[in-house]
Amino acid sequence: MVQKYYESDADPRILDGRTIAVIGYGSQGRGQALNLRDSGCRVIIGLRPGNSWQRASEDGFEVYPVAEAARRADVVQILLPDENQAAVYRAEISPNLKENTCLMFSHGFNIHYGQIVPPPTVDVVMVAPKGPGHMVRRMYEEGKGVPALIAVQQDATGDAHAIALAYARGIGATRAVVLETTFAEETETDLFGEQAVLCGGVTSLIKAGFETLVNAGYAPEMAYLEVLHEMKLIVDLIYEGGFTKMRDSISNTAQYGDLTRGPRVIGPEAYAAMEEILEEIQSGEFAREWMLENLVNRPVFNALTKADEEHLIEQVGAEIRRFMPQFQK
Ligand SMILES: NC(=O)C1=CN([C@@H]2O[C@H](COP(=O)(O)OP(=O)(O)OC[C@H]3O[C@@H](n4cnc5c(N)ncnc54)[C@H](OP(=O)(O)O)[C@@H]3O)[C@@H](O)[C@H]2O)C=CC1
Ligand SMILES: CC[C@](O)(C(C)=O)C(=O)O
């Protein structure tokens, strides 16, 4: 059984007197830093000059160049893009890491694939929220939390696990649940989830459904409401009470179509593709491809992003959100 932790399992006092440097102030950096501060932790931010620096200052944080933040910190949480972490670590963090610092990540990529190799004198831990950074903040403000995974790769001080748990409490994760894992398990399951199901799988499924309806002559607005807008309403029910709650809420006709037709869409070929994607993650092939893509300024990433931004579904969606009052701020 996976070990689970809640609020009472974490002792926030282990962070008393320790300075947490959150390196990066994007999706996760901002969400985690604000939550930690509201939980009573001492937080500083490490950045390069630019938009994030400006935003963190406006939010009232002390902001320093990465090297200086690392020098001042007892806990260094690296929330830079995965593809930048190794270069910034080598140039700015590693030379300033004190002995007994707790080096922290929210995704295991750089440790698991050997891009960052910390010295044996520091703790190496992970606190990985299982949700987007903006939701980490929103749920915390609502008195709830996004679940998180914790892992200890290296325990130089004997405090690594307690610090990870207290940090998870500080960002609100113990209000939901915190699960114990390893860097390997988190990295491989996270990459698989975002590629095959959550991001890649879902957008491909929606696009395929939308294109099938539009190519058959139905109005793009109809197709959009059917396969994209309603997706959230259906997924909300699955999130709240599983397939059973969702099926309790839909018509019997929909349920029969769901049970008999769904497996034809996600059939043996889809399973084979998922296995292949998982193997590319496990073998390091995906990691190598992504690192090399960045070295040549992301030609594939940029071309595919542009094509999807220009897809009809995005134009129709923007138009529909304009004429639906609930989307107006
Ligand atoms: N996005 C998410 O919800 C999740 C992310 N994670 C993990 O969290 C980590 C952070 O990801 P995410 O929050 O998406 O990152 P973002 O891209 O949202 O933010 C990155 C931040 O790093 C800063 N930055 C980038 N390069 C540098 C640099 N060379 N020196 C200093 N600062 C720099 C950016 O500032 P600037 O404005 O200057 O570019 C920005 O503030 C990753 O490990 C990711 O896998 C884990 C779970 C979910
Ligand atoms: C699903 C994407 C994610 O893994 C996440 C928000 O949890 C990410 O890395 O951004």
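Counting convention: from 1, in listed order, for ligands and their atoms alike. Just so you know, residue 1 is the first one in the sequence shown, and it goes up from there.
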| Does any N or O in the side chain of Gln85 come within less than 3.5 Å of the main-chain N or O of Leu80, such that one atom is a donor and the other an acceptor? | yes

Contacts table for residues 266-274: side-chain donor-acceptor under 3.5 angstrom, sequence neighbours left out:
none

| task | Enumerate the protein residues lying less than 4.0 Å from ligand 2, judged by heavy-atom distances, in chain and residue-number order. | result | Gly131, Pro132, Asp190, Glu194, Leu198, Cys199

| said: By the definition side chain to side chain contact (heavy atoms under 4.5 Å, CB included), identify the one residue from Ile23, Asn110, Ile116 that meets it with Tyr89. | reply: Ile116

| task | Report yes or no: is the cationic atom of Arg72 (NZ for Lys, CZ for Arg) closer than 6.0 Å to the six-membered ring centre of Tyr64, at no more than 45° off its axis? | result | yes

| note | The complete set of side chain to side chain donor-acceptor pair (under 3.5 Å) pairs with one or both residues in residues 196-213, sequence neighbours excluded, reads Lys207-Asp308, Glu211-His311

| remark: Distance filter under 4.0 Å, heavy atoms only, around ligand 1 gives Gly24, Tyr25, Gly26, Ser27, Gln28, Leu47, Arg48, Ser52, Val66, Leu79, Leu80, Pro81, Asp82, Asn84, Gln85, Val88, Ser106, His107, Pro129, Gly131, Pro132, Gly133

| request: Say whether, by atom type as modelled, one donor and one acceptor occur between the side chain of Gln315 and the main chain of Glu310 under 3.5 angstrom. | output: yes

| Hey, does the side chain of Gln328 reach the backbone of Arg321 with a donor-acceptor pair shorter than 3.5 angstrom? | yes

| Taking the six-membered ring for Trp, is the centroid-to-centroid distance between His112 and Phe105 below 6.0 Å? | no

| message | With a sphere of 6.0 Å drawn around CZ of Arg138, does it hold more than 12 non-hydrogen atoms of other residues, nucleotides or ligands? | response | no

